[in-house]
Structures are given as C-alpha cells and as structure tokens.
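Have a look at the structure below, then the notes.
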Amino acid sequence: MASTIYQSIRLALVALFKGLYPGFDVFCEEINKTQNDEPEPDLEDYVFLEIIPTGNVTASAFHTDRTVLVEASLHTRAESNDGYLTMAQEVDGALRPVFRFQDGGEARAITVPDVAYKVVDKMLHCTFTLSFRDSVEEPEQPPVMEELKTTVRTNEGA
C-alpha cells in the first residue's frame with residue numbers, strides 16, 4: 001500500500017502502462033540496466049515515468065490543492081514515428097478524460113484535460129498535469145462541556 005498520494009499515483013500509472021503494454025518494462029526512479037557503459041541489448045521496449053510534484057497550495061485548514069506533472073517516455077525496439085503515433089492515441093485513450101487510482105483504500109478520479117505528445121530522440125514523450133484537491137481528516141473535536149448545575153443561596157436574614 002502506498003504511503004503518500006504521489007506513490008498512489010505512481011502505482012496506478014505503472015499498472016496503467018503495464019495493462020496497455022504487458023511486454024514493456026516500466027521504470028520510475030532509474031533505469032538500472034542503462035547505468036552501465038553500454039546499454040543492455042534486452043532493454044528495448046520500456047516506459048520511464050517521471051512524477052514531479054510542482055505545487056501545493058493551502059485551500060483551507062483541511063484542504064490542499066496539489067499539482068503533479070507526469071512525463072511518460074516510451075521507447076520501442078522499432079523506434080518508428082508511425083508506431084509512436086499509434087501509441088500516443090492508445091495512451092490518450094487510457095488517460096483521458098479521467099485518470100483513476102486508489103488512495104488510502106479510497107477510489108479517486110482526476111480529470112485530465114489535455115496530454116501533450118512529442119517524439120524526441122527516438123522516444124515518445126507524453127506529458128500531462130494532474131490538478132486536484134487533497135483533504136486531510138479533521139481531528140476529533142473534544143466533547144462539548146455539559147450543562148453546569150448550580151444553586152444560588154440567598155442570605156435572607158442579614
């Protein structure tokens with residue numbers, strides 16, 4: 001289970017891309033196989049995800065407006081622009097109009113208004129922003145004071 005909203009988003013994106021392209025490796029932090037001097041020959045079809053928190057704005061004491069930039073870089077063995085255009089349409093259909101994920105066991109859905117695509121260095125880059133309001137549970141309020149019973153004595157003989 002994810003411990004932060006960002007980890008929840010990452011897990012959902014990994015599942016989304018593994019569902020679209022089961023034969024692809026999906027990386028989020030670093031591509032270990034490319035850290036050598038020479039790239040591994042078996043690393044040809046992969047998705048590299050960058051999840052970048054870009055803004056947290058206080059909306060109230062219990063609400064934060066968050067913005068997360070996501071870039072998915074897709075690489076295929078063929079490195080075909082035509083293939084990348086097909087993939088762009090498939091990714092678009094999976095992301096828009098609503099991106100769904102689980103956060104703390106609760107279903108969340110974020111509208112994704114647009115996704116930008118470009119092919120650079122023989123890779124397809126898909127970039128989009130997730131903007132949403134995140135709520136924290138209000139702390140339990142202390143019990144209200146009960147009614148105080150009082151009696152007033154009058155000093156009638158003085």
Side-chain angles (χ1 to χ4, degrees), residues 1-36 39-40 42-78 83-147:
M1 182 179 217
S3 62
T4 67
I5 188 83
Y6 307 115
Q7 290 172 336
S8 297
I9 290 169
R10 183 182 69 212
L11 289 172
L13 286 169
V14 168
L16 182 140
F17 281 100
K18 286 301 270 180
L20 277 176
Y21 307 109
F24 281 45
D25 288 316
V26 180
F27 301 96
C28 296
E29 302 298 325
E30 60 185 32
I31 303 175
N32 293 328
K33 294 180 183 179
T34 63
Q35 301 304 312
N36 305 329
E40 296 286 332
D42 62 339
L43 186 63
E44 294 178 338
D45 296 332
Y46 63 89
V47 178
F48 181 74
L49 296 171
E50 288 185 85
I51 299 163
I52 306 162
T54 57
N56 292 323
V57 177
T58 301
S60 75
F62 304 108
H63 299 92
T64 299
D65 289 336
R66 300 192 191 279
T67 307
V68 178
L69 177 68
V70 178
E71 180 168 332
S73 302
L74 293 85
H75 180 266
T76 63
R77 174 181 315 130
Y84 286 142
L85 292 176
T86 300
M87 290 176 81
Q89 187 170 347
E90 293 167 350
V91 171
D92 193 69
L95 288 172
R96 287 184 333 100
V98 177
F99 171 67
R100 298 178 190 284
F101 65 103
Q102 291 287 321
D103 178 31
E106 292 188 30
R108 302 273 312 254
I110 300 172
T111 301
V112 179
D114 64 277
V115 182
Y117 299 95
K118 63 183 175 182
V119 178
V120 177
D121 296 330
K122 300 181 181 178
M123 292 182 74
L124 172 65
H125 298 273
C126 310
T127 307
F128 58 97
T129 301
L130 300 174
S131 298
F132 57 97
R133 179 162 288 176
D134 203 14
S135 301
V136 295
E137 289 185 29
E138 293 185 34
E140 188 174 320
Q141 298 297 320
V144 178
M145 189 168 91
E146 293 183 21
E147 190 175 309

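Everything quoted here is computed from the prediction, not taken from an experiment.
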> Considering all heavy atoms of both residues, which atom of P22 and which atom of G19 are nearest to each other, and what is their separation?
Replying inline: CD-O, 4.0 Å
> Taking side chain as C-beta onward, heavy atoms only, is V14 less than 4.5 Å from V47?
Replying inline: no
>> Testing the basics here: between F128 and D114, what is the closest heavy-atom pair and its distance to 0.1 Å?
In response: CB-O, 3.5 Å
> Would you say the side-chain atoms of K18 pair up with the backbone N or O of F24, donor to acceptor, closer than 3.5 Å?
Replying inline: yes
> Closest heavy-atom contact between A61 and V136?
Replying inline: O-CG2, 4.4 Å
> Looking only at heavy atoms, what is the nearest atom pair of R66 and N56, with distance?
Replying inline: NH1-OD1, 3.0 Å
> With sequence neighbours excluded, what pairs up with H75 under the side chain to side chain donor-acceptor pair (under 3.5 Å) test?
Replying inline: E79
> Sub-3.5 Å donor-acceptor pair from the side chain of S60 to the main-chain atoms of F62, do we have one?
Replying inline: yes
> Which distance, rounded to the nearest 0.5 Å, do you find between the CG of L95 and the CG of L130?
Replying inline: 8.5 Å
>> On a heavy-atom basis, which atom in K122 and which in Y84 lie closest, and how many Å separate them?
In response: O-OH, 2.8 Å
>> For R77, give me all partners under salt bridge (charged side-chain N to carboxylate O under 4.0 Å, His left out), at least two apart in sequence or on another chain.
In response: E44, D45
> Does the side chain to side chain contact (heavy atoms under 4.5 Å, CB included) test come out yes or no for V91 and L16, once each step is laid out?
Replying inline: CA-CA 9 Å; V91 171; L16 182 140; 5.6 Å; no
> Looking at F99 versus F101, is the centre-to-centre ring distance below 6.0 Å?
Replying inline: yes
> What distance separates E71 CD from I52 CD1, expressed to the nearest 0.5 Å?
Replying inline: 7.5 Å
> How far does CG of L49 sit from CG of L13, to the nearest 0.5 angstrom?
Replying inline: 5.5 Å
> Side chains of Y21 and T76: does their closest heavy-atom pair fall under 4.5 Å?
Replying inline: no
>> Under the rule for salt bridge (charged side-chain N to carboxylate O under 4.0 Å, His left out), what residues qualify as partners of R96, not counting sequence neighbours?
In response: D92
> Is there a side-chain contact between F27 and Y46 (heavy atoms, below 4.5 Å)?
Replying inline: yes
> Roughly how far, to the nearest 0.5 Å, is OG1 of T86 from CG of L124?
Replying inline: 10.5 Å
> Between atom CE of M123 and atom CG of L74, what is the distance when rounded to the nearest 0.5 Å?
Replying inline: 7.0 Å
>> Would you compute the distance between atom OG1 of T67 and atom CG of D65 and round it to the nearest 0.5 angstrom?
In response: 7.5 Å
>> How close do D103 and S8 get, counting heavy atoms only, and between which atoms?
In response: OD1-OG, 3.5 Å
>> Run D134 and R108 through side chain to side chain contact (heavy atoms under 4.5 Å, CB included) and show every step you take.
In response: CA-CA 10 Å; D134 203 14; R108 302 273 312 254; 3.2 Å; yes
>> If you apply the rule side chain to side chain contact (heavy atoms under 4.5 Å, CB included), what do you find for L85 with Y117, and how did you get there?
In response: CA-CA 9 Å; L85 292 176; Y117 299 95; over 6 Å; no
